[in-house]
Amino acid sequence: MARIIAGIAASHVPAIGVAVDRGMTGTPYWEPLFKGFAPVREWLAKLAPDVAIIVYNDHANALSLEIIPTFMIGVADQFPIADEGFGPRPVPGVQGCAPLAWHLAESLILDEFDMTIANEMPVDHGLTVPLSITCGQPAAWPFRVIPICVNVVQYPPPTGARCFKLGQAIRRAVDKFDQDLRVVIYGTGGMSHQLQGERAGLINSRFDAAFLDGMTRDPLALTKITHTEYMREAGSEGIEMVMWHVMRGALDEHVAEIYRHYHVPASNTAAGVLILENRSAA
Ligand code: DHB
Ligand code: FE
């Protein structure tokens, strides 16, 4: 039987990817951030999962603003790296896991989550930066990946509560898959940031700290945060944090917090990393 053994939350700031790709992780600006990523890489290398379900948002790269699915699952055997305007990042291509992805698509849709199915899609910094943060610079990514995209680009995005329920449905689906696979799930994006308008540069460390605490201790309370509250407290792009709820919904009610790291600034953003392990997997 497949099992979800842990969840990882990670910001996906594109400049973090640039720092990795250009060998700048030891500079005075980036060093404190990357120091905080090292324990994540050690933990994940030891865990050696078979598959990662990565919940992220596309930033108008795979999808234009013509068609915007609320939830989309990638069922391909591989996913090329998106060209976001400066050529694709020099990172390995992403290998999919079609058998589990198709099982997830079927199970989620029959469980009343109307997933869009992507047979082909390039993956952008929303997915590749969390891979770089957690895996470093390997010649090939050490596990297969199932991308799940959430719309947080065009209003209205899904609620945190809906995202949490999607996570619960992912858990039910994985539990029913009959191959022995050890699965981790990533929730990406955030934390507080606003890239535009009068409040560009907004960071709310108090909100972020409470969010990190709540993820471990009382995730259901966090699912009640409304879109307006995300906008007001965490900035317009802070809405990306709804994707963390998908990850959390896929875990046990009680989890062990293995690690957290929070650093400001990373480009315009407060960068957070959190590792949660299922007690049932111990
Ligand atoms: C930044 C952060 C993001 O989440 C993103 O998608 C693009 C840019 C930033 O901080 O620069
Ligand atoms: Fe983003």
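Counting starts at 1 for both ligands and their atoms, in listed order.
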Q | T216 and R248 side chains, donor-acceptor separation under 3.5 Å | A | no
(Q) Going by ring-ring contact (aromatic ring centres under 6.0 Å, His included), name the pairs with one or both residues in residues 239-265, residues two or more places apart or in two chains. (A) F211-W244, F211-H245
Q: Examine the side chains of Y186 and T134 and answer whether a donor and an acceptor come within less than 3.5 Å of each other.
A: yes
Q. Is the closest side-chain donor-acceptor distance between D252 and S280 under 3.5 Å?
A. yes
Q) Looking only at heavy atoms of P14, does any of them come nearer than 4.0 Å to an atom of ligand 1? A) yes
Q: Mind jotting down which residue pairs meet the ring-ring contact (aromatic ring centres under 6.0 Å, His included) criterion with at least one end in residues 1-24? Sequence neighbours excluded, please.
A: H12-H59, H12-H125
Q) Going by the atom numbers of ligand 1, which of them fall below 4.0 Å from some non-hydrogen atom of H125? A) 5 (C), 6 (O), 7 (C)
Q.
Tell me every residue that passes side-chain hydrogen bond (donor to acceptor under 3.5 Å, both in side chains) with R162, counting only those two or more places apart in sequence or in another chain.
A. none
Q: Show your reasoning for whether salt bridge (Lys or Arg N to Asp or Glu O under 4.0 Å) applies to R172 and D111.
A: CA-CA 9 Å; R172 288 193 288 275; D111 210 356; 3.0 Å; yes
Q: Number the atoms of ligand 1 from 1 as they appear, then name those within less than 4.0 Å of a heavy atom of E240, with their elements.
A: 4 (O), 6 (O)
Q: Give the total of protein N/O/S atoms at a distance below 2.8 Å from the Fe ion (ligand 2).
A: 3
(Q) Looking at ligand 1, is there an atom of it that comes within less than 4.0 Å of some heavy atom belonging to E237? (A) no
Q) With atoms numbered from 1 as shown, which atoms in ligand 1 lie under 4.0 angstrom from a non-hydrogen atom of S267? A) 9 (C), 10 (O), 11 (O)
Q. Any idea which atoms of ligand 1 are less than 4.0 Å away from a heavy-atom of H12?
A. 4 (O), 6 (O)
Q) Any idea which protein heavy atom is nearest atom 10 (O) of ligand 1, and the distance to it? A) T269 OG1, 2.5 Å
Q.
What protein heavy atom lies closest to atom 3 (C) of ligand 1? Include the residue and the distance to one decimal.
A. H193 NE2, 3.5 Å
(Q) Checking side chain to side chain contact (heavy atoms under 4.5 Å, CB included) between V51 and each of V145, I4, I146, V184, which is the one that passes? (A) I146
Q: Would you mind running through ligand 1 and noting each atom that sits below 4.0 Å from a heavy atom of H59?
A: 6 (O)
Q) Say you draw a straight line from OG1 of T188 to CE of M247; how long is it, rounded to the nearest 0.5 Å? A) 10.0 Å
Q | Donor-acceptor pair between S192 and E233 side chains, under 3.5 angstrom | A | no
